[in-house]
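Order of appearance sets the numbers: ligands from 1, and atoms from 1 within every ligand. Owing to the predicted nature of the structure, the values given are computational and were not obtained by experimental measurement.
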Amino acid sequence: MLIRHPHNIPPSNITDPAVYASRRKFIHTMLLAGSAGALGVAHGQQAAGTPGASLGKLQSSPFSLTDDKPTPFKSVSTYGNFYEFGPDKESPARNAYRLRTRPWSVTVDGEVKTAKTFAIEDILNWAPLEERIYRMRCVEGWSAVIPWVGFPFSELLKHVEPTGNAKFVEFWTLADPEQMPYVRIPLLDWPYMEAIRLDEARHPLTILAVGMYGETMPKQNGAPLRLVVPWKYGFKGAKSIVRIRFVEKQPATTWTKAGPEEYGFYSNVNPDVPHRRWSQSHERRLGEFFKRKTLPFNGYAEQVAGLYAGMDLQKNF
Ligand code: MTE
């Protein structure tokens, strides 16, 4: 089904008006046929993309390893993926105003000495917030340079102690049909869950982000807490996290379930491993016309390649 694997659609097709119109019509019909007819998602609700509250003075970070100019806030906050709010790039900004980000808590469980639930207010006090300017690359071929605000994932490990069995970390995200209209439709296997290896999570480039462009996170970009792993394709960056679970075995994630041949568990940006249906050798920055070459590990090879020493990255894509 066309909408079952939205990533299967090359970017050129995504903007094809005929494809776009038929997909919207299909979704709209499904909504009207079901109990969600009154959701108003196709009726041009106010954008949720207005800038958030200032996050005050931020620590600058030695991990902003790029001189590239940040992509305009408007592009990053109005073009993205958040399937709980719709299957196309514009619907998250249109529909995410429905998300309630307070009260919010995150449960940390699984292979930890003691499972705990933290209020988002406490999480915000774990560490001084840093601005991290990262290059980001989507598996669909678009990219952006984003000044995230957050703190290293490793700060979490000061509050919970993983057991010796913990090898992977799962990031589970909210799936509330009351707030997220498309959770009523099996676009993906809800709740959205992505996972990385524990050593990847501990890498100093991996952050939990609470904002961007100096302000609290726009809802459509994953408020109030999301994962950012700059050397992996964007779908690893789980948005609106409610649970972090440490596990022993490599889990099946939302995207490996949706298409194991197309979305590998590792999802490291690798220009030499094409997606089943398009090349990954180049990318287009949001707002730019000409494509640029995609770099291995999205340009972070020097920092992260060692994590994969001895692994065949053609097989472990
Ligand atoms: N997180 C949730 N909960 N739901 C989603 O649909 N989409 C992923 C990721 N995180 C997604 C998600 C994908 S496919 C991408 S490319 C990035 O979010 C997009 O993040 P951005 O919109 O901030 O660029």
Side-chain angles (χ1 to χ4, degrees), residues 3-9 11 14 48-49 52 70-96 98-99 101 104 106 134-150 170-177 179-183 185-196 207-213 216-230 232-244 253-259 262-263 267 269 275 280 283-287 298:
I3 59 164
R4 174 101 192 139
H5 305 300
H7 272 121
N8 293 356
I9 309 161
I14 287 168
T71 304
F73 171 83
K74 193 160 191 319
S75 306
V76 174
S77 59
T78 57
Y79 186 94
N81 289 320
F82 200 162
Y83 292 105
E84 291 86 333
F85 292 107
D88 53 57
K89 301 285 171 281
E90 293 79 19
S91 42
R94 197 165 49 240
N95 297 328
R98 296 171 175 279
L99 180 66
T101 57
W104 193 277
V106 179
Y134 282 166
R135 292 179 293 269
M136 304 299 292
R137 167 70 154 83
C138 176
V139 76
E140 293 166 321
W142 44 279
S143 65
V145 178
I146 304 179
W148 298 109
V149 180
E170 298 175 346
F171 297 85
W172 292 83
T173 74
L174 187 70
D176 177 3
Q179 303 176 58
M180 303 170 137
Y182 286 83
V183 167
I185 298 170
L187 284 175
L188 291 170
D189 185 27
W190 313 116
Y192 191 103
M193 186 275 272
E194 273 303 337
I196 56 179
I207 59 168
L208 288 168
V210 298
M212 61 185 209
Y213 298 81
T216 50
M217 192 71 80
K219 293 180 177 183
Q220 62 271 33
N221 292 95
L225 188 74
R226 69 169 286 172
L227 180 68
V228 176
V229 192
K232 292 183 183 276
Y233 291 120
F235 65 85
K236 282 280 160 181
K239 294 176 169 181
S240 305
I241 295 167
V242 291
R243 182 182 183 200
I244 298 175
T253 67
T254 293
W255 284 106
T256 58
K257 284 190 206 161
E262 312 203 353
Y263 313 106
S267 310
V269 175
H275 182 273
Q280 293 290 23
E283 68 200 57
R284 195 194 307 278
R285 282 268 159 89
L286 293 182
N298 201 24

So Ile146 and Tyr213, side chain to side chain contact (heavy atoms under 4.5 Å, CB included) or not? Walk me through it.
CA-CA 8 Å; Ile146 304 179; Tyr213 298 81; 4.0 Å; yes
For the pair Phe171 and Leu208, evaluate side chain to side chain contact (heavy atoms under 4.5 Å, CB included) and give the outcome as yes or no after the intermediate values.
CA-CA 11 Å; Phe171 297 85; Leu208 288 168; 4.3 Å; yes
Steps toward ring pair (Phe, Tyr, Trp, His ring centres under 6.0 Å) verdict (Trp255, Tyr233)
CA-CA 11 Å; Trp255 284 106; Tyr233 291 120; over 10 Å; no
Audit row: Phe235, Thr253, side chain to side chain contact (heavy atoms under 4.5 Å, CB included) steps and yes/no
CA-CA 11 Å; Phe235 65 85; Thr253 67; 5.9 Å; no
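Tested against Leu174, the residues Lys239, Glu84, Arg243, Gln179 include a single side chain to side chain contact (heavy atoms under 4.5 Å, CB included) partner, Gln179.
Aromatic pair Tyr192/Tyr83: centroids not less than 6.0 angstrom apart.
Residue Gly237 has at least one heavy-atom neighbour below 4.0 Å for each of these atoms of ligand 1: 9 (C), 10 (N), 12 (C), 18 (O). Below 4.0 Å from some heavy atom of Gly80 lie the following atoms of ligand 1, by number and element: 22 (O). Within ligand 1, the atoms closer than 4.0 Å to a non-hydrogen atom of Thr173 are 3 (N), numbered from 1 in the order shown.
For Met136, no heavy-atom contact with ligand 1 is shorter than 4.0 Å. Only side-chain heavy atoms of Glu84 come within less than 4.0 Å of ligand 1; its backbone N, CA, C and O stay farther off.
Rounding to the nearest 0.5 angstrom, the gap separating the CD atom in Glu262 from the OG atom in Ser267 is 12.0 Å.
For atom 8 (C) of ligand 1, the candidate residues are Tyr79, Tyr192, Trp255; the nearest heavy-atom contact is made by Tyr192. Distances from atom 24 (O) of ligand 1 to the heavy atoms of Trp142, Phe82, Tyr83, Tyr182 put Trp142 nearest.
Under the 4.0 angstrom criterion for non-hydrogen atoms, Ser240 is not in contact with ligand 1. For Arg226, the heavy-atom gap to ligand 1 drops under 4.0 angstrom.
In terms of polar-atom proximity, defined here as any N/O pair under 3.5 Å, Trp148 makes no such contact with ligand 1. Residue-to-ligand polar distances keep Cys138 apart from ligand 1: every N/O pair is separated by 3.5 Å or more. Any N or O atom pair closer than 3.5 Å counts here, and Gln220 shares no such pair with ligand 1.
With respect to the salt-bridge test (charged N to carboxylate O, under 4.0 angstrom), the residues Lys89 and Glu140 qualify.
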